[in-house]
Amino acid sequence: MKSESLKDEFLKSEISLNRESGTYLFYGEDTQKNYELALEFAKELFSKNMNNEEEIENMEQKVMRESYVDLFIIDNLNIDTARDMIKKTFTSSHEGSSKVFILKNIQDIRKESANAILKVIEEPTKNNFFILLSNRLNILSTIKSRSIIYKVKKYSAEDLEVDKYTYEFFATSSSDIKKYKELNIDLFEERSYKDISVYLKKYETDGKIEDKIDIYKALRNFVRESLNLKTYEKIKFAEDIYFNISKENIKFLVDYLINLVKRDKKLKNKLYLKKMLRYPINMKVFFINLILEI
């Protein structure tokens with residue numbers, strides 16, 4: 001049994017059961033840790049029938065590079081990717097062992113896509129494993145009921161070897177914290193909320209953690225100043241965000257803002273607005289309403 005490298009007791013137990021197939025739901029706030037754990041679990045599933053250490057090491061390196069031929073990673077499931085995935089479940093493994101499908105962002109899956117995969121995840125054919133990743137347990141019940149559910153605990157500040165301020169500055173995001181630790185950036189240096197459009201444009205172009213940190217600083221500055229701002233100034237801030245952010249980056253910004261004001265009396269209103277992101281809405285109106293609540 002090759003489960004020594006997998007530290008998680010629940011997943012070590014799952015490996016020891018020698019299941020021929022299975023569907024798992026890993027959920028937790030830290031999406032990066034969910035994914036890292038999914039890759040570790042995939043390595044263990046692939047290595048079950050391997051005895052050659054060199055073969056195992058080669059496989060593990062490819063898994064971490066996301067290039068192992070029997071590993072399929074789907075960022076956002078839709079009808080087309082669902083159909084393609086189902087076809088792959090009926091093909092033979094290239095390496096002669098298991099095939100592992102990691103499905104990210106299951107919390108955002110639409111009903112038609114979910115319905116397309118229900119049969120295949122409920123009764124996976126031999127040597128097919130599905131690892132569904134979600135940032136919350138509140139997902140479609142039809143998916144949840146067909147999965148072995150596991151809550152992934154997020155990394156602590158101690159795990160990431162950072163102080164409490166740094167941990168909270170990045171809203172406990174292990175991915176952001178790991179990138180930040182490679183740089184020499186002063187988190188206490190201020191950035192004005194008035195320059196949010198500048199920071200968003202740079203981040204949209206380069207995607208660098210330095211620019212993301214500037215966005216965080218500008219958001220924190222806005223929250224501190226919000227009580228003294230007039231309505232038209234808040235609307236201007238909302239419009240600066242709306243005109244300079246892509247659909248792909250809306251979620252991290254909204255999550256961060258709400259995290260900053262989680263002790264606010266109007267939190268319920270903000271959480272309601274956040275839920276509206278799941279539906280087709282006027283994004284400009286959404287941001288104005290959200291910002292005015294702060």
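In this chain, residues are counted from 1 in sequence order. All values reported here derive from a predicted model rather than from experimental measurement.
Clustering ILVMFWY residues whenever any of their side-chain heavy atoms sit less than 4.5 angstrom apart, transitively, puts Ile291 in a cluster other than the one holding Tyr232. Under the 4.5 Å side-chain heavy-atom criterion for grouping Ile, Leu, Val, Met, Phe, Trp and Tyr, Ile235 is not connected to Leu227 through any hydrophobic cluster. Residues Leu45 and Met64 share a hydrophobic cluster, clusters being chains of Ile/Leu/Val/Met/Phe/Trp/Tyr side chains in contact below 4.5 Å. Note on Phe170 and Phe188: same hydrophobic cluster, where clusters join Ile, Leu, Val, Met, Phe, Trp and Tyr whose side-chain heavy atoms are under 4.5 Å apart, directly or indirectly. Leu187 and Leu260 fall within the same hydrophobic cluster, defined by Ile, Leu, Val, Met, Phe, Trp and Tyr side-chain heavy atoms under 4.5 Å apart, directly or through other members.
Using a 4.5 Å heavy-atom threshold, the side chains of Glu60 and Phe46 count as separate. Residues Tyr68 and Met59 are in side-chain contact: their nearest non-hydrogen atoms beyond the backbone lie under 4.5 Å apart. Side-chain atoms of Lys48 and Ser97, non-hydrogen and from C-beta on, never get closer than 4.5 Å to each other. Side chains of Tyr193 and Val223 form no contact here, defined as non-hydrogen atoms less than 4.5 Å apart. Inter-residue side-chain proximity for Asn244 and Glu204 is flagged as unmet; no heavy-atom pair is nearer than 4.5 Å. Looking only at side-chain heavy atoms (C-beta outward), Tyr216 and Asp176 come within less than 4.5 Å of each other. Looking at heavy atoms from C-beta onward, Arg65 lies in side-chain contact with Gln61 at the 4.5 angstrom threshold. Side-chain contact check for Val162 versus Tyr155: every heavy-atom pair is 4.5 Å or farther apart.
Ring-centre distance between Tyr203 and Phe252: below the 6.0 Å cut-off. No close placement of the Tyr35 and Phe26 rings is indicated, their centers lying 6.0 Å or farther apart. Ring centroids of Tyr242 and Phe287 are separated by 6.0 Å or more, keeping the two rings apart. Note: Tyr180 and Phe169 fail the aromatic proximity criterion, with ring centroids not under 6.0 Å apart.
At a threshold of 4.0 Å, the pair Arg191-Asp195 does not count as salt-bridged, since none of the basic side-chain nitrogens sits closer than that to a carboxylate oxygen. Under 4.0 Å is where a charged nitrogen must lie from a carboxylate oxygen, and between Lys202 and Asp211 at least one such pair does. Between Glu190 and Arg224, at least one side-chain N (NZ, or NE/NH1/NH2) sits under 4.0 Å from a carboxylate O, which counts as a salt bridge. Salt bridge annotation for Glu239-Lys284: present, with a cationic side-chain nitrogen under 4.0 angstrom from a carboxylate oxygen. Using a 4.0 Å cut-off between charged nitrogen and carboxylate oxygen, Lys12 and Glu9 count as a salt-bridge pair.
Here Lys178 pairs with Glu36 under the side chain to side chain donor-acceptor pair (under 3.5 Å) rule; sequence neighbours left out.
In summary, of the residues considered (Ser98, Ser93, Ser92), a side chain to side chain donor-acceptor pair (under 3.5 Å) with Asp70 occurs for Ser93 alone. Applying side-chain contact (heavy atoms from CB on, under 4.5 Å) to Leu257 and the options Val254, Leu253, Asn259 leaves one that passes, Leu253.
Arg146 contributes a side-chain N or O that, together with a main-chain N or O of Thr142, makes up a donor-acceptor pair within less than 3.5 Å. Side chain of Ser197 to backbone of Asp240: no donor-acceptor contact under 3.5 angstrom is found. Remark: side-chain polar atoms of Asn105 are paired, donor with acceptor, to backbone N or O of Asp75 under 3.5 angstrom. Of the possible donor and acceptor atoms, none in the side chain of Glu225 sits under 3.5 Å from a partner among the backbone N and O of Phe222. Using a distance-only test at 3.5 Å, with no hydrogens or angles considered, no donor-acceptor pair links the side chain of Lys99 to the main chain of Val69. Looking only at distances, no side-chain donor or acceptor of Arg136 sits under 3.5 Å from a matching main-chain atom of Glu29. Side-chain atoms of Thr91 come within 3.5 Å of backbone N or O of Lys88 as a donor-acceptor pair. Between the side chain of Lys154 and the backbone N or O of Ser174, no donor-acceptor pair lies under 3.5 Å.
The nearest pair of heavy atoms linking Ala218 to Ser192 is CB-O, 3.7 Å. Nearest heavy atoms, Arg19 versus Phe129: O-CZ, 3.3 Å.
For the residue pair Asp84 and Thr81, no side-chain donor N or O sits within less than 3.5 Å of a side-chain acceptor on the partner. With 3.5 Å as the limit, one finds no donor-acceptor pair spanning the side chains of Thr31 and Asn34.
Within a 6.0 Å sphere centred on NZ of Lys144, heavy atoms belonging to other residues, nucleotides or ligands number more than 12. Within a 6.0 Å radius of CD in Glu66, other residues, nucleotides and ligands contribute more than 12 heavy atoms. For NZ of Lys119, the number of neighbouring non-hydrogen atoms (other residues, nucleotides, ligands) closer than 6.0 Å is 12 at most. No more than 12 heavy atoms of other residues, nucleotides or ligands shown are found within 6.0 angstrom of CD on Glu54.
Remark: Lys217 is not positioned above the aromatic ring of Tyr199, lacking an NZ or CZ atom under 6.0 angstrom from the ring centre and at most 45 degrees off the axis.
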>> Show, in sequence, the C-alpha distance, side-chain angles and deciding distance for Thr89 and Asn128, and conclude whether the side chain to side chain donor-acceptor pair (under 3.5 Å) test is met.
In response: CA-CA 6 Å; Thr89 66; Asn128 281 306; 4.8 Å; no
>> Before you tell me yes or no, could you show the steps for Thr172 and Leu160 under side chain to side chain contact (heavy atoms under 4.5 Å, CB included), namely the whole-Å CA-CA distance, both residues' side-chain angles and the distance that decides it to 0.1 Å?
In response: CA-CA 10 Å; Thr172 74; Leu160 296 167; over 6 Å; no
> When you look at Ser156 and Asp159, which way does the side chain to side chain donor-acceptor pair (under 3.5 Å) test go after all the steps?
Replying inline: CA-CA 5 Å; Ser156 66; Asp159 292 332; 3.1 Å; yes
> Taking it one step at a time, do Lys201 and Phe243 satisfy side chain to side chain contact (heavy atoms under 4.5 Å, CB included)?
Replying inline: CA-CA 10 Å; Lys201 285 176 183 176; Phe243 287 118; over 6 Å; no
>> One pair to check against side chain to side chain contact (heavy atoms under 4.5 Å, CB included): Arg220 and Tyr256. What are the steps and the verdict?
In response: CA-CA 9 Å; Arg220 295 169 81 89; Tyr256 194 82; 3.0 Å; yes
>> Between Lys62 and Ser67, does the side chain to side chain contact (heavy atoms under 4.5 Å, CB included) criterion hold? Intermediate values first, please.
In response: CA-CA 5 Å; Lys62 288 182 177 179; Ser67 61; 3.7 Å; yes
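Atom CD1 of Ile148 and atom CD1 of Ile131 lie 11.0 Å apart (nearest 0.5 Å). If you take NZ on Lys179 and CD1 on Ile185, they are separated by 12.0 Å, rounding to the nearest 0.5 Å. One finds the OG atom of Ser113 at 5.5 Å from the CG atom of Asn78 (value rounded to the nearest 0.5 Å). The distance from the CG atom of Asn249 to the CG atom of Leu200 is 8.5 Å, given to the nearest 0.5 Å. Expressed to the nearest 0.5 Å, how far CD1 of Ile102 lies from CD1 of Ile73 amounts to 5.0 Å. Rounding to the nearest 0.5 angstrom, the gap separating the OG1 atom in Thr231 from the NZ atom in Lys236 is 15.5 Å.
Other members of the hydrophobic cluster containing Ile117, listed by chain and number, are Leu25, Tyr27, Phe72, Ile74, Leu77, Met85, Ile86, Phe90, Phe101, Leu103, Ile106, Ile109, Leu118, Val120, Ile121, Phe130, Leu132, Leu137, Ile139, Leu140, Ile143, Ile149; membership follows side-chain contacts under 4.5 Å among ILVMFWY residues, whether direct or relayed.
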